[in-house]
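The structure displayed is predicted, hence computed values, not measured ones.
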Amino acid sequence: MIPQHDKDLYGWAVHTAQLLKDKKMNEVDFDGIIEEMEDMVSSNETQLINRLSLVFEHLLKWQFQPNMRGHSWIYTIREQRDQAKIHLRKNPSLKSKLNEILEDAYRISISKAARETNLSAKTFPTECPYTFDQIMDDQFYPQ
């Protein structure tokens, strides 16, 4: 029995890969392939947004709650910077969407930082105060 795309994604993917290897194009579920490719694109963007929003959140906390600075914030910033760098290295075409991704990540980070600091979201700049180079710079911590 042929696995259905919406019921058994793994089985469907293995089956589809084999059909492609065997060049049985008339049996390939092209609509399913298109859907999965679009999901992959969205997932890659979302993953980078999540990484960068954590960097932003902790940079905002660092800047706006200097008395609370600690090692856990430094480690989170370092780890998420590294993860974002790896993700961009493995998916260099994402750089073409970087402005949109940065805007989304920053917007998300404001509410996260507000929740974590108990400060009003209005405390934080509406526009990202950091450049991409600063965000990715292991030595950068705002004052």
Side-chain angles (χ1 to χ4, degrees), residues 3-21 23-143:
Q4 291 183 321
H5 171 254
D6 59 341
K7 303 282 188 215
D8 180 3
L9 182 58
Y10 178 80
W12 172 86
V14 169
H15 178 75
T16 300
Q18 191 60 53
L19 290 174
L20 290 169
K21 286 177 190 175
K23 303 203 181 345
K24 294 182 179 179
M25 299 303 169
N26 58 331
E27 296 179 39
V28 173
D29 174 10
F30 284 102
D31 289 338
I33 291 173
I34 291 165
E35 184 179 329
E36 286 309 311
M37 297 297 287
E38 290 172 342
D39 285 350
M40 183 182 70
V41 167
S42 177
S43 176
N44 273 303
E45 289 175 11
T46 300
Q47 197 172 93
L48 186 56
I49 288 167
N50 290 340
R51 301 279 180 213
L52 292 174
S53 72
L54 282 168
V55 173
F56 282 137
E57 173 192 352
H58 284 77
L59 290 177
L60 288 170
K61 288 168 31 175
W62 187 271
Q63 183 174 352
F64 288 89
Q65 271 195 329
N67 57 324
M68 301 293 290
R69 292 176 182 167
H71 291 292
S72 67
W73 289 2
I74 292 171
Y75 292 125
T76 298
I77 292 168
R78 283 184 191 163
E79 178 185 344
Q80 295 307 315
R81 279 177 170 155
D82 287 345
Q83 293 283 354
K85 288 173 190 175
I86 290 166
H87 195 71
L88 280 169
R89 187 180 72 242
K90 291 184 175 189
N91 302 280
S93 295
L94 277 173
K95 290 177 184 171
S96 69
K97 305 249 329 186
L98 203 51
N99 286 338
E100 181 182 330
I101 289 169
L102 289 170
E103 287 174 14
D104 289 345
Y106 184 71
R107 190 176 58 254
I108 291 166
S109 72
I110 291 173
S111 61
K112 287 178 159 186
R115 183 182 67 237
E116 290 288 318
T117 61
N118 289 320
L119 297 172
S120 166
K122 294 178 181 180
T123 303
F124 307 107
T126 55
E127 299 286 321
C128 181
Y130 320 119
T131 67
F132 179 70
D133 289 339
Q134 288 174 323
I135 297 160
M136 302 307 279
D137 180 353
D138 293 332
Q139 305 306 311
F140 175 73
Y141 292 89
Q143 295 306 315

If you compare all heavy atoms of Pro142 against all heavy atoms of Trp62, which two are closest, and at what distance to 0.1 Å? O-CD1, 3.0 Å
As a quick check of understanding, evaluate side chain to side chain contact (heavy atoms under 4.5 Å, CB included) for Thr126 and Arg107, giving each step before the final call. CA-CA 8 Å; Thr126 55; Arg107 190 176 58 254; over 6 Å; no
Quick test of your reading: applying ring-ring contact (aromatic ring centres under 6.0 Å, His included), list the pairs with at least one residue in residues 30-49, sequence neighbours left out, ordered by first then second residue. none
Would Met68 and Lys61 count as a side chain to side chain contact (heavy atoms under 4.5 Å, CB included) here? Give the steps. CA-CA 8 Å; Met68 301 293 290; Lys61 288 168 31 175; over 6 Å; no
Just so I know, are the side chains of Lys85 and Asp138 near enough to count as touching, which here means a heavy-atom distance under 4.5 Å? yes
Residue pairs, two or more places apart or on separate chains, that pass ring-ring contact (aromatic ring centres under 6.0 Å, His included) and touch residues 85-121: Phe56-Tyr106
Using the test ring pair (Phe, Tyr, Trp, His ring centres under 6.0 Å), find all partners of Phe132 that sit at least two apart in sequence or belong to another chain. none
Is there a donor-acceptor contact under 3.5 Å from the side chain of Thr117 to the main chain of Ala113? yes
Interatomic spacing from CZ in Arg78 to CD1 in Ile74 - rounded to 0.5 Å: 6.0 Å
Going through the distances and angles, do Leu60 and Glu116 end up as a side chain to side chain contact (heavy atoms under 4.5 Å, CB included)? CA-CA 10 Å; Leu60 288 170; Glu116 290 288 318; over 6 Å; no
What residue pairs, at least two apart or across chains, pass side-chain hydrogen bond (donor to acceptor under 3.5 Å, both in side chains) with a residue in residues 63-75? Gln63-Tyr130
If you measure from CD on Glu36 to CD1 on Ile34, what distance do you get to the nearest 0.5 Å? 11.5 Å
Who pairs with Ser120 by side-chain contact (heavy atoms from CB on, under 4.5 Å), at least two apart in sequence or on another chain? Lys122, Thr123
Inter-residue atom distance Leu52.CG - Gln83.CD, 0.5 Å rounding: 11.5 Å
Counting C-beta onward and ignoring hydrogens, is there a side-chain heavy-atom pair between Lys112 and Leu54 closer than 4.5 Å? yes
For Glu35, salt bridge (charged side-chain N to carboxylate O under 4.0 Å, His left out) partners two or more places apart: none
Who passes side-chain contact (heavy atoms from CB on, under 4.5 Å) against Thr76, sequence neighbours left out? His58, Gln80
List the residues meeting side-chain contact (heavy atoms from CB on, under 4.5 Å) with Lys95, not counting sequence neighbours, and say none if there are none. Leu88
Please enumerate all residues that pass side-chain contact (heavy atoms from CB on, under 4.5 Å) together with Thr46, with sequence neighbours excluded. Ser42, Asn50
Does NZ belonging to Lys24 count more than 12 external heavy atoms closer than 6.0 Å? no
Tell me every residue that passes salt bridge (charged side-chain N to carboxylate O under 4.0 Å, His left out) with Glu79, counting only those two or more places apart in sequence or in another chain. none
From the list Leu48, Val41, Ile86, Asn44, side chain to side chain contact (heavy atoms under 4.5 Å, CB included) partner of Asn91 resolves to Asn44
Would you say that more than 12 heavy atoms from the other residues, nucleotides or ligands in this model lie under 6.0 Å from the CE of Met25, or not? yes
Taking atom NE2 of His15 and atom CG of Asp8, what is their separation to the nearest 0.5 Å? 11.0 Å
Of all the heavy-atom pairs spanning Ser109 and Ser53, show the shortest one and how long it is. CB-O, 3.4 Å
Which distance, rounded to the nearest 0.5 Å, do you find between the CG of Leu119 and the CZ of Phe64? 8.5 Å
Partners meeting salt bridge (charged side-chain N to carboxylate O under 4.0 Å, His left out) with Lys97 (sequence neighbours left out): Glu45, Glu100
So, using salt bridge (charged side-chain N to carboxylate O under 4.0 Å, His left out) as the criterion, who are the partners of Asp133 when residues are at least two apart? none
